Amino acid sequence: MSRSVRIHRYGGPDVLSPEDVEVGAPAAGEVRLRQTAIGLNFVDTYQRSGLYPQSLPFIGGNEAVGVVEAVGEGVTGFRVGDRAGYVTGGGAYAQERLVAAERLFALPDSIEDKVAASMMLKAVTAYFLLFKTWRVKKGDTILWHAAAGGVGLIACSWAKALGAHVIGTAGSSEKVAAAYAAGCDAVINYRQDDFVLRVKELTDGRGVDVVYDSVGKDTFEASLDCLKPRGLMASFGNASGPVAVPDLGILARKGSLFLTRPTMSGYFTTSEEIRAAAAEVFKAFDEGAFQADLRQEWTLDDIALAHKALEARETIGGSVILP
C-alpha cells in the first residue's frame with residue numbers, strides 16, 4: 001500500500017485526505033516510482049480549491065522525484081534503480097505511484113533528491129518566464145513580485161546572472177533580506193512602501209521593461225503603472241485572487257502595454273520540450289546561476305499544515321514533502 005493524499009471535494013486545506021492506496025504493476029509506457037521527495041507549489045492550492053478544476057477525486061501535487069521500481073512494456077530510457085523526476089500532470093502526493101515514462105526526466109548525480117523536488121517546477125517556471133515569455137538580457141530592468149517565494153528567489157538570482165537590473169517586492173523584513181541575498185538590486189517591502197512610487201524612483205521615472213506577477217488581483221493594476229511604454233506584464237499566478245481585465249483600453253491608456261498569462265502547459269507540450277527545459281535548469285544550477293533555498297519540510301500526513309502555511313504566505317524559498 002502507498003500513502004497518498006486524495007481530494008474528494010474542492011475546498012480549504014481540510015479537504016486533503018491522507019489515505020492508503022494500492023499501487024499495481026506499470027502498464028505499457030509507465031513506470032512505478034518510489035518517491036523520495038515531493039515538491040510543494042502554489043498551483044497545488046489552486047487545484048485543491050477548484051480554481052483550477054480537476055476531475056474528482058484526484059491525488060494532489062505536481063512534482064516529485066524518486067527511484068524507478070518497475071518499468072512497463074515499451075519503456076525506453078529508464079531502468080529499475082534510475083533516479084527520475086517530473087513537474088507536470090498531477091498525482092504527486094504519494095509514497096509510490098505509476099507515472100507515464102514520457103513525463104519523466106533523469107536526475108543528475110550532482111543534485112540531491114530533496115533539493116530537486118523543492119526547486120524543479122519552480123526553476124522550470126523561472127526558465128520559461130525569463131527565456132521565453134520575455135527573453136531577459138543584459139541591461140533590462142525587471143520587477144518581480146513575491147521575490148522571496150520559491151519561484152522568486154530562483155528567478156531573481158537567474159535574472160541577475162543574465163545581467164538584468166532586478167527589483168523585487170516582499171512582505172516582511174525577513175523576506176526582503178532573502179530577496180537581497182538572492183541578488184536583487186533593490187527590494188521593496190510592499191507592506192511599508194508604495195511599490196509604484198519606489199519603482200519610479202529607482203528607475204528615474206522610466207519604469208521597468210517587464211513585471212512578473214504571481215500575486216494576482218492585489219497587485220495587478222498597480223503593476224501596470226510600473227511599466228515603461230510598450231512594456232510587458234507577465235501575470236502568472238493568483239495568490240491574492242484571480243485577475244479580471246474587463247477593459248483592454250487600460251493597456252492603451254498606460255502606454256500601449258503588452259499583457260500575457262503564461263502557463264507551463266502552454267510552453268511545454270512534448271516530453272522533449274520539458275526535458276530540454278530540465279537540462280537548462282540543471283546546467284544553470286551547476287553553473288551557480290541560482291541556488292535551491294530549501295527551508296520548509298513536512299510529511300504527507302502534515303499536508304494540510306503545509307497548504308495553510310503556503311496560503312498564509314509564511315514560507316520562504318522552497319518547500320518539500322517527505323513521503
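Note that these values count all heavy atoms, side chains included, but never hydrogens, waters or copies made by symmetry. Because the structure is predicted, anything quoted here is derived from the model rather than measured.
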> Nearest 0.5 Å, please: how far is NZ in Lys217 from CG in Asn238?
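Separation between the atoms: 11.5 Å.
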> Below 4.0 angstrom, N of the basic side chain to O of the carboxylate: do Arg9 and Asp14 qualify?
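A salt bridge links Arg9 with Asp14.
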> Might you work through the side-chain contact (heavy atoms from CB on, under 4.5 Å) test for Lys160 and Asp185, ending with a clear yes or no?
CA-CA 8 Å; Lys160 188 63 181 175; Asp185 296 282; 2.6 Å; yes
> Contact between Ile7 and Leu16 at the side-chain level, heavy atoms closer than 4.5 Å - yes or no?
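Heavy-atom side-chain distance check passes, below 4.5 Å.
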> Given the rule in the side-chain contact (heavy atoms from CB on, under 4.5 Å) test, do Leu322 and Lys114 qualify, once you have shown the distances and angles that lead to the verdict?
CA-CA 8 Å; Leu322 299 178; Lys114 285 199 303 184; 3.7 Å; yes
> Assess whether side-chain contact (heavy atoms from CB on, under 4.5 Å) is satisfied between His307 and Leu40, documenting all intermediate values.
CA-CA 8 Å; His307 275 232; Leu40 179 72; 3.9 Å; yes
> Within the distance-only criterion (no hydrogens, no angle test), does the side chain of Gln95 pair as donor or acceptor with the backbone N or O of Pro323 below 3.5 angstrom?
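A pair under 3.5 Å: yes.
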> State plainly whether the residues Glu201 and Arg198 are in salt-bridge range, i.e. N to O under 4.0 Å.
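Yes, Glu201 and Arg198 are salt-bridged.
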> When rounded to the nearest 0.5 angstrom, what distance separates OG in Ser17 from CZ in Arg6?
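Rounded to the nearest 0.5 Å, the OG-CZ separation comes to 9.0 Å.
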> Output yes when Lys137 and Asp140 qualify as a salt bridge under the 4.0 Å nitrogen-oxygen rule, no when they do not.
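Salt bridge flag = yes for Asp140 with Lys137.
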> Do any N or O atoms from the side chain of Ser240 and from the backbone of Val215 form a donor-acceptor pair under 3.5 angstrom?
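Side chain of Ser240 to backbone of Val215: a pair is present.
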> With distance as the sole test, does Arg32 use its side chain to make a donor-acceptor pair with the main-chain N or O of Ala25 at under 3.5 Å?
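Judged by distance alone, no pair lies under 3.5 Å.
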> Using a cut-off of 6.0 Å, state whether more than 12 heavy atoms not belonging to Glu297 lie near its atom CD.
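Check passes, neighbour count above 12.
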> Of all the heavy-atom pairs spanning Glu311 and Phe42, show the shortest one and how long it is.
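The answer is CA-CZ, 4.1 Å.
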> Kindly compute the distance separating CD (Gln35) from CG (Asp113), expressed to the nearest 0.5 Å.
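Interatomic distance, Gln35 CD to Asp113 CG, rounded to 0.5 Å: 11.0 Å.
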> Of the non-hydrogen atoms in Lys132 and Phe268, which two are nearest, and what is the gap between them?
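Looks like CE-CE2, 4.4 Å.
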> For Gln54, does the CD atom have more than 12 heavy-atom neighbours from other residues, nucleotides or ligands under 6.0 Å away?
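Check passes, neighbour count above 12.
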> Give, for atom CG of Leu257 and atom CG of Leu227, the distance between the pair rounded to the nearest 0.5 Å.
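Answer rounded to 0.5 Å: 5.5 Å.
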> More than 12 non-hydrogen atoms from neighbouring residues, nucleotides or ligands closer than 6.0 Å to CD on Glu69, yes or no?
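Count over threshold, so yes.
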> Keeping the roles fixed (side chain from Ser157, backbone from Ile154), state whether a donor-acceptor pair exists under 3.5 Å.
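The answer is no, because no donor-acceptor pair under 3.5 Å joins these two groups.
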> For the pair Asn41 (side chain) and Val43 (backbone), establish whether a donor and an acceptor sit closer than 3.5 Å, ignoring hydrogens and angles.
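No, the answer is negative, given that no donor and acceptor are paired below the 3.5 Å cut-off.
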> Is Met120 close to Phe105 at the side-chain level, that is, under 4.5 Å between some pair of heavy atoms?
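Sidechains of Met120 and Phe105: in contact.
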> Can you name the closest pair of heavy atoms from Ile111 and Arg83 and give their distance?
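That would be O-NH2, 2.7 Å.
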> Report yes if some heavy atom in the side chain of Arg79 is under 4.5 Å from a heavy atom in the side chain of Val68; otherwise report no.
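Result no, sub-4.5 Å side-chain heavy-atom pair not found.
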> Report yes if some heavy atom in the side chain of Val187 is under 4.5 Å from a heavy atom in the side chain of Lys175; otherwise report no.
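Val187 vs Lys175: side chains apart.
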> Just verifying a value: how many Å separate Leu310 CG and Gln296 CD, rounded to the nearest 0.5 Å?
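Reported to 0.5 Å precision, the distance equals 9.0 Å.
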> Flag the pair Leu197 / Asp193 as yes when at least one side-chain heavy-atom distance between them is below 4.5 Å, and no otherwise.
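Not touching, per the 4.5 Å side-chain cut-off.
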> For residues 191-239, which residue pairs pass the ring-ring contact (aromatic ring centres under 6.0 Å, His included) check, not counting sequence neighbours?
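Qualifying pairs: Trp144-Tyr212, Trp144-Phe236, His145-Phe195.
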> Nearest heavy-atom pair of Arg3 and Leu300: which atoms, and what distance?
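Where Arg3 meets Leu300 most closely, the heavy atoms are O-CD1, 3.4 Å.
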> Mark yes or no for whether Arg295, through its side chain, and Thr315, through its backbone, hold a donor-acceptor pair below 3.5 Å.
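Not confirmed, Arg295 side chain does not pair with Thr315 backbone.
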> State, with a plain yes or no, whether a side-chain heavy atom of Lys122 is found less than 4.5 Å away from one of Glu63.
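Yes; the side chains approach each other to less than 4.5 Å.
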> Does the side-chain contact (heavy atoms from CB on, under 4.5 Å) test come out yes or no for Thr203 and Ile167, once each step is laid out?
CA-CA 10 Å; Thr203 61; Ile167 302 171; 4.2 Å; yes
> Ignoring hydrogens, what is the shortest heavy-atom contact between Cys226 and Leu143? Give both atom names and the distance.
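The pair with the smallest heavy-atom distance is SG-CD2, 3.8 Å.
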> Find the distance between CG (Leu153) and CD1 (Ile316) and round it off to the nearest 0.5 Å.
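Reported value, rounded in 0.5 Å steps: 8.0 Å.
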> What I'd like to find out is whether the side chain of Ile303 reaches to under 4.5 Å of the side chain of Trp298, using heavy atoms alone.
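Ile303 does not reach Trp298 side chain to side chain.
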> Donor-acceptor pair, distance only, cut-off 3.5 Å: does the side chain of Tyr267 make one with the backbone of Leu129?
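Not confirmed, Tyr267 side chain does not pair with Leu129 backbone.
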> Mind listing the closest non-hydrogen atom pair of Val124 and Ala277 along with its distance?
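The pair with the smallest heavy-atom distance is CG1-CB, 4.3 Å.
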> Taking atom CD of Gln291 as the centre, report whether more than 12 heavy atoms of other residues, nucleotides or ligands fall under 6.0 Å from it.
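No, because the 6.0 Å sphere around CD of Gln291 holds 12 heavy atoms or fewer from other groups.
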> For the residue pair Leu107 and Phe282, establish whether any side-chain heavy-atom pair is separated by less than 4.5 Å.
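Yes; the side chains approach each other to less than 4.5 Å.
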> Go through Asp44 and Tyr93 one step at a time and tell me if the side-chain hydrogen bond (donor to acceptor under 3.5 Å, both in side chains) criterion holds.
CA-CA 10 Å; Asp44 303 354; Tyr93 291 168; 2.7 Å; yes
